[in-house]
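Step one of this worksheet: look at the structure below.
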2 protein chains.
Amino acid sequence: MSRKTGVLELAVLGLLHESPLHGYELRKRLSAVFGPVKRISYGSLYPCLKDLVATGLIAEDAAASVSGVGKRGRTVYKLTAEGKERLQDQLGEHGPSAWEDESFGVRMAFFAQTDADVRLKILEGRRSRLEERREKVSSAMSRTREKLDRYTLELQQHGLESVEREVRWLNELIATERSPAGGPGRGAVTARPRSAKSPG
Amino acid sequence: MSRKTGVLELAVLGLLHESPLHGYELRKRLSAVFGPVKRISYGSLYPCLKDLVATGLIAEDAAASVSGVGKRGRTVYKLTAEGKERLQDQLGEHGPSAWEDESFGVRMAFFAQTDADVRLKILEGRRSRLEERREKVSSAMSRTREKLDRYTLELQQHGLESVEREVRWLNELIATERSPAGGPGRGAVTARPRSAKSPG
DNA sequence: CGTGCGATGTATCAAGTTGATACATCATCC
DNA sequence: GGATGATGTATCAACTTGATACATCGCACG
């Protein structure tokens with residue numbers, strides 16, 4: 001159900017949980033959730049919305065004018081009770097599908113509505129996934145180091161360091177999750193000093 | 001010609017320039033070129049190969065057994081003269097299509113066969129592209145900082161720092177490109193010290 | 001006032017891609 | 001002898017993309 005990508009469904013449900021939205025606005029917010037890469041096209045959004053309406057997880061409200069006279073037929077979508085339930089179910093999932101590349105970002109974007117233990121499981125799952133990848137890339141590099149030109153090598157080195165950097169980031173997030181949440185003097189976001197870099 | 005993605009075509013031509021390959025091996029190498037994300041499926045590789053054969057840029061050699069008796073019909077693909085020309089054309093391109101997200105990695109993977117001035121243009125183009133993105137993300141963050149929960153904020157902060165890191169990386173690459181290439185005591189890869197990190 | 005322009009807004013479609021699947025050969029181990 | 005898994009070619013329904021069409025709105029410029 002709901003096409004190939006459960007991620008899109010989740011993102012839509014999550015966004016509509018905050019407030020009802022029409023397609024255009026929904027798409028803009030989805031672009032924010034999915035990041036600068038990977039944009040969502042209407043060709044996948046509309047079918048997804050159609051499915052969600054058909055399944056009864058969301059409802060469309062065609063006559064929703066904003067404040068004055070009928071502006072135009074903007075179909076506004078909102079979560080139904082079933083949709084809220086479904087969203088809670090999805091937010092409770094903490095298997096591999098939650099920490100793969102396509103879904104992790106979306107899952108974390110809705111961490112505010114996610115239980116603390118689930119958050120932790122997902123972060124740890126993501127970390128092992130990346131450590132796995134680091135191992136693979138790293139060993140592939142030592143196997144082929146001699147044969148590669150400097151550019152390929154630079155590319156792989158940069159990729160490897162990106163993975164390592166994300167692992168460190170996850171380590172910090174996990175540590176923050178595990179530490180007691182109410183301590184004094186702690187900001188909303190883990191206050192990392194931006195590691196006083198040399199200017200270029 | 002050659003479907004939607006010119007990038008795949010370029011990658012195939014580039015790989016076949018090094019040596020003739022059959023589909024399976026080609027796909028493995030493409031996976032390396034395109035990175036751990038974004039894998040190439042046969043559903044796009046085979047049509048691409050078919051196109052390239054039809055256009056006369058590559059040729060297939062069905063009877064190519066490796067060394068002994070006929071193993072099985074492995075169709076081996078190799079570059080034609082036209083294909084080599086085409087590859088040179090593509091490697092000479094240094095417009096936006098060379099430094100967008102989908103193509104930059106592939107372009108850089110074949111930098112060893114690319115002219116120095118073209119390399120520099122692509123690296124600089126990529127850098128402006130990322131600086132542009134950094135500006136957008138950065139200003140979007142300051143506009144919405146108050147409204148966002150810590151997780152969304154962490155996500156965006158991490159994204160922003162990833163972009164900044166890639167810009168620094170490009171700065172180093174560009175500096176290396178501009179400095180005289182034959183200096184003594186320089187390794188194959190720019191010998192960056194891995195920035196003595198605190199352990200955690 | 002009109003008219004051109006860009007943002008907002010809904011919707012569709014040809015062309016292209018994915019993930020699964022089918023099928024066959026080969027090497028290795030039990 | 002047969003089970004398992006890597007190598008290898010190939011296809012297809014279901015799905016996504018990028019382009020396009022179309023309409024409304026605000027608003028600046030002459």
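Each chain gets a letter, A, B and so on, in the order the sequences are listed, and its residues count up from 1.
- Each of B/Glu25 and B/Gly43 was assigned the nucleotide of DNA chain D with the nearest heavy atom; the assignment lying further toward the 5' end belongs to B/Glu25.
- Counting heavy-atom neighbours within 6.0 Å of A/Glu100 CD, excluding the residue itself, gives a total above 12.
- Residue B/Ser162 comes nearest to A/Arg165 through the heavy atom pair OG-NH1, 2.9 Å, listed as atom of the first residue, atom of the second, then distance.
- The CG-P distance, from A/Leu21 to C/dT10, rounds to 10 Å in whole Å.
- Using a 4.0 Å cut-off between charged nitrogen and carboxylate oxygen, A/Asp101 and B/Lys38 do not count as a salt-bridge pair.
- Rounded to whole angstrom, the span from the CZ atom of B/Arg39 across to the P atom of C/dG19 amounts to 6 Å.
- A straight line from NZ of B/Lys38 to P of C/dG19 spans 9 Å, rounded to a whole angstrom.
- The side chain of B/Ser41 approaches C/dT17 more closely than any other nucleotide in the set D/dT16, C/dT12, C/dT17.
- Between A/Tyr24 and C/dT8 there is a side-chain N or O to OP1 or OP2 distance below 4.0 Å.
- Among the protein residues, A/Gly23 comes within range of the sugar-phosphate backbone only, with heavy atoms under 4.0 Å from sugar or phosphate atoms but none that close to a base.
- A perpendicular orientation is assigned to the rings of A/Tyr151 and B/Phe111, their planes being inclined by more than 60° (bins at 30° and 60°).
- Remark: P of D/dT17 and CG of A/Leu8 are 9 Å apart, rounded to the nearest angstrom.
- Rounding to whole angstrom units, CZ of residue B/Arg27 and C1' of D/dA6 are separated by 14 Å.
- Between the CG atom of B/Leu30 and the P atom of C/dT18 there is a distance of 12 Å, given to the nearest Å.
- Remark: the B/Trp169 side chain and the A/Glu154 side chain contain an N/O donor-acceptor pair separated by less than 3.5 Å.
- Distances shorter than 4.0 Å separate none of the side-chain N or O atoms of B/Lys28 from OP1 or OP2 on D/dA6.
- Residue A/Asp51 contributes atom CG, which lies 13 Å from atom P of D/dA14 at whole-angstrom precision.
- Summarising the geometry, the separation between OH on A/Tyr46 and P on D/dG18 is reported as 17 Å, rounded to the nearest angstrom.
- Residue A/Ser44 places no side-chain N or O under 4.0 Å from the OP1 or OP2 atom of D/dT16.
- Toward the 5' end of DNA chain D, the nearer of the two residues B/His22 and B/Lys50, judged by each one's closest nucleotide, is B/His22.
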